[in-house]
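For reference, the structure is listed below as structure tokens.
The chain is numbered in sequence order, starting from 1.
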Amino acid sequence: MIMHNRKILKGYKTLISSKFNVDTSTDKFKDGIIYTLYSDEFNSLRVGFAENDKVLEKKVSNNELILLDMKKGNKKDLFLLITTLKELGNIYSDNFYFKYSNSLMRHLSTLGWPVGKSLYKQRKIKKELVCA
């Protein structure tokens, strides 16, 4: 039987500080409405956040846009969506306008963003179990 001499090293690990800014303002977490608008003229989608129904109604009536769908949410949801879509390669212009595409609609639906059923039909995959 061979015995090896092992030394136990005692020490303390140091914590390296990093600059990670966390916005603690309650503005991002304030509930409101997240929505998707469609422009038939430019074949584009606009995703956004509105504080209430009246603000959303004003946005829809000022621009000739069609409201596809909406649901409760907050600004944080919008910023997470924009960041994720950017990482997936979707480019947007001012005021979060995206060029309409089937892949964009699929991404929005997968991410749980309200897209409605008028422009995007979600595929339903049916599996059958076969018992022998």
Ignoring hydrogens, what is the shortest heavy-atom contact between [X] and [Y]? Give both atom names and the distance.
X	Y	value
Asn95	Arg46	O-NE, 3.1 Å
Ile34	Asn74	CG2-O, 3.8 Å
Asn102	Tyr100	OD1-OH, 3.4 Å
Gly112	Lys71	O-NZ, 2.6 Å

[X]-[Y] co-clustered via ILVMFWY side chain contacts under 4.5 Å:
X	Y	result
Phe49	Phe98	yes
Tyr35	Leu65	yes
Val60	Leu45	no
Leu68	Leu81	yes
Val115	Leu37	no

Mind checking the [atom1]-[atom2] spacing from [X] to [Y]? Nearest 0.5 Å is all I need.
X	Y	atom1	atom2	result
Ile33	Asp69	CD1	CG	11.5 Å
Glu57	Leu67	CD	CG	10.5 Å
Glu64	Glu41	CD	CD	6.5 Å
Met105	Leu108	CE	CG	6.5 Å
Asn52	Asp31	CG	CG	12.5 Å
Ser109	Lys117	OG	NZ	10.0 Å

Sidechain-backbone polar pair: Thr36 side chain, Pro114 backbone, donor-acceptor under 3.5 Å: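 Checking the backbone N and O of Pro114 against the side chain of Thr36, a donor-acceptor pair under 3.5 Å is found.
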Note, Leu88 side chain near Leu104 side chain (heavy atom, < 4.5 Å):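 No, their side chains stay 4.5 Å or more apart.
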For Glu51, does the CD atom sit with more than 12 other heavy atoms under 6.0 Å from it, leaving out its own atoms?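 Count over threshold, so yes.
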More than 12 heavy atoms of other residues, nucleotides or ligands under 6.0 Å from NZ of Lys86: is that the case?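 No, not enclosed.
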Ring-plane angle category for Phe79 and Phe96, please: parallel below 30°, perpendicular beyond 60°, tilted otherwise.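 The rings of Phe79 and Phe96 stand perpendicular, inter-plane angle above 60°.
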